[in-house]
Amino acid sequence: MSREVRVRFAPSPTGPLHIGGVRTALYNYLFAKKNKGHFILRIEDTDQNRYVKGAEEYIREALHWAGIHPDEGPDASGPFGPYRQSERKEHYEEYAERMIAEGTAYYAFDTPEDLEEMRDRMSKAGVPNPKYDHVSREYMKNSLTLPADEVKARLSNNDPYVIRIKVPRKEEVRLKDMIRGWVVVQSGQLDDKVLFKSDGMPTYHLANIVDDHLMKITHVIRGEEWLPSAPLHVLLYRYLGWEETMPEFAHLPLILKPDGKGKLSKRDGAKGGYPVFPLNWKDPESGETFTGYRESGYFPEAMVNILAMLGWNPGDNREVFSIDELIDTFSIEKVSKSGAKFDPEKARWYNQQHLRHKDDMELAHSFRPILREQGVDPEMEYIAAACALIKEKASFINEFWEMGSFFFKAPEEYDQKVIEKKWNAEALKFFVRLKENLYNLSHFTAEDIENTYKSTADNMGVKGGQYMQLFRVLVSGLSYGPAIFEMISLLGQKEIVQRLDAAIEQLQ
Ligand code: GLU
């Protein structure tokens, strides 16, 4: 039976989305689009204690900025809504009750003190990792140990309770992960997780499985940190009678620090000066601000490209992809099992690649406000032509002014190192002559300028390369920059002659 592909990104609004979360969303999105399926955004906000104000808006804005648009979700509606779990409360209880009726779940009335005491007792008895499980439940206050009439009395008394899954004592739970292959766990290692609380709220596990079922999810693609929960989820599908339509699982590798030692954290980003969030995030508790990709000047296409390559490869040596090319090329089979190291230098490189592919006029529109702030406002065509040259060397638009201000105003200073090393009486003679020859040119194309430079050097018996860097410094102030003859041609004959005059006068 082949079903229409339906995948979901199911974040809990407990804080900002870091790049690991965006990558999960992206892989789901790519998988959906590649398979002509649906990508659903579901907000998992049943844990009121961990709810952080503004987090859901942040998540939606971040996805929107990245161009990861849900087909169904709180914004987009759809036939299986609502898509926010806090608005779906009435859907969950019946399933917990059904499991109780069928003996695969039970009521537990233990107080926090009871639980504490159990853990203490078991620790003292040498149990390394005490939990509520097939052994300890025998000694706790639940509907398996208490007499039926006491259970009834407690329930009608409105005593607080939780509903726990009754994990079998000795059974093999198997699941086939699309990335990791078969994962086999002995049920004795699992604990009797809480599914539902008497405040009427399901826990993550129950709500997640019920919604994946009701929303007809076919593939669950999520972070590796959820792999330990997957066997429990398999049991839930079995106990709820939904095994036949159980989604396939794919658990994505961790994103690691640049040195590969441990998971990439927001602290690593703050320390190393690179973003790990898509957008700026102000921590509501500490008031601290963490920078985002957007605010650092990354293009959303570049961020998507960076994230796509963190844990996936196309199977050949291509690295630069648009989102449409990613949709064409993406496959879960090429996602790796091992953690992916985040490389901040490589991230800059991706932005540079995408910058080079940008249309010059589009860049001009982004650069113009910066120019106006600097008090210059030239023609758009001129800005675009300058952008075409600057982008060959820059990684971000916010570097354009520093690298290319000379396109818009004459330099006030000259790179001192180059002047000290290269400027002398010979150089003076050369540039006086070069200036005259340039002044006499009737065409001022890059080619004309280059030929003039070469013939001047030849006639004066100097090596072609000798004054090249100095030439650049005299007209731009900088020792590096775009292709020199193109840049000089764009600046124009009159301007170049003036600049050479000014430089000669100042340096003499
Ligand atoms: N709400 C979970 C999270 O915050 C969803 C995990 C899953 O995709 O099953 O990541």
Side-chain angles (χ1 to χ4, degrees), residues 5-32 38-52 54-60 62-63 68 70 72-74 80 82-89 91-92 165 175 177-180 183 193-195 201-237 240 242 245-255 263-266 276-278 281 307 311 332 335:
V5 165
R6 291 177 56 83
V7 294
R8 82 313 191 262
F9 176 51
S12 302
T14 55
L17 207 54
H18 54 90
I19 54 173
V22 187
R23 186 194 58 177
T24 299
L26 176 65
Y27 284 20
N28 274 283
Y29 175 81
L30 296 175
F31 185 80
H38 280 78
F39 170 63
I40 292 126
L41 172 65
R42 182 173 74 223
I43 302 295
E44 301 209 322
D45 57 350
T46 55
D47 190 347
Q48 297 299 328
N49 298 325
R50 296 182 58 218
Y51 183 81
V52 171
E56 183 189 325
E57 288 70 27
Y58 180 98
I59 291 167
R60 282 161 41 193
L63 295 183
I68 304 172
E72 297 169 29
F80 299 94
Y83 293 91
R84 207 177 272 118
Q85 287 185 329
S86 58
E87 292 166 12
R88 305 173 54 81
K89 277 185 215 161
H91 286 291
Y92 309 114
I165 182 172
L175 70 117
D177 186 275
M178 294 166 78
I179 298 168
R180 284 146 216 279
V183 176
K193 280 271 187 294
V194 174
L195 304 177
M201 279 301 217
T203 59
Y204 152 72
H205 300 289
L206 182 68
N208 185 269
I209 267 51
V210 167
D211 283 346
D212 280 349
H213 174 75
L214 296 178
M215 295 181 181
K216 299 199 181 330
I217 297 302
T218 55
H219 299 79
V220 167
I221 305 169
R222 61 184 173 191
E224 183 180 294
E225 65 274 24
W226 297 103
L227 187 59
S229 302
L232 175 81
H233 297 172
V234 171
L235 285 179
L236 282 171
Y237 279 104
L240 288 164
W242 299 334
T245 53
M246 183 169 85
E248 288 189 58
F249 291 100
H251 289 91
L252 307 176
L254 290 178
I255 299 180
K263 208 170 141 178
L264 183 72
S265 74
K266 61 180 176 187
V276 302
F277 293 116
W281 171 253
L307 295 183
I332 290 284
V335 175

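Throughout, residue positions are numbered sequentially from 1 according to the sequence presented. In each ligand, atom 1 is the first atom listed, and ligand 1 is the first ligand listed.
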Legend entry - Side chains of Pro253 and Arg23 in contact at under 4.5 Å (non-hydrogen atoms): yes
Starting from [atom], find the nearest protein heavy-atom neighbour and note its residue, name and distance.
| atom | result |
| --- | --- |
| atom 4 (O) of ligand 1 | Ser12 OG, 3.1 Å |
| atom 2 (C) of ligand 1 | Ala10 O, 3.3 Å |
| atom 8 (O) of ligand 1 | Arg8 NH1, 2.7 Å |

Within 4.0 Å of some non-hydrogen atom of Glu44, the atoms of ligand 1 are 1 (N), 2 (C), 5 (C)
Looking only at heavy atoms, the pair that brings Arg60 and Pro74 closest together is NH1-CB, 4.2 Å
Notebook entry, point to check: With no hydrogens and no angle check, do the side chains of Glu44 and Tyr204 hold a donor and an acceptor under 3.5 Å apart?
Noted result: no
query: Just by distance, with hydrogens left out, do Tyr92 and Asp211 show a side-chain donor and acceptor under 3.5 Å apart?
result: yes
- Might you confirm whether atom NZ of Lys263 has over 12 heavy atoms from other residues, nucleotides or ligands at distances under 6.0 Å? no
Exactly one candidate in Val220, Leu236, Thr245, Val7 meets side-chain contact (heavy atoms from CB on, under 4.5 Å) with Asp212; the answer is Val220
Any heavy atom of Asn208 under 4.0 Å from ligand 1? The part involved is side chain
Under 4.0 Å between heavy atoms, the region of Trp226 that gets near ligand 1 turns out to be side chain
The option among Gln85, Arg50, Arg222 carrying the non-hydrogen atom nearest to atom 9 (O) of ligand 1 is Arg222
| task | Please verify whether a non-hydrogen atom of His233 lies at under 4.0 Å from ligand 1. | result | no
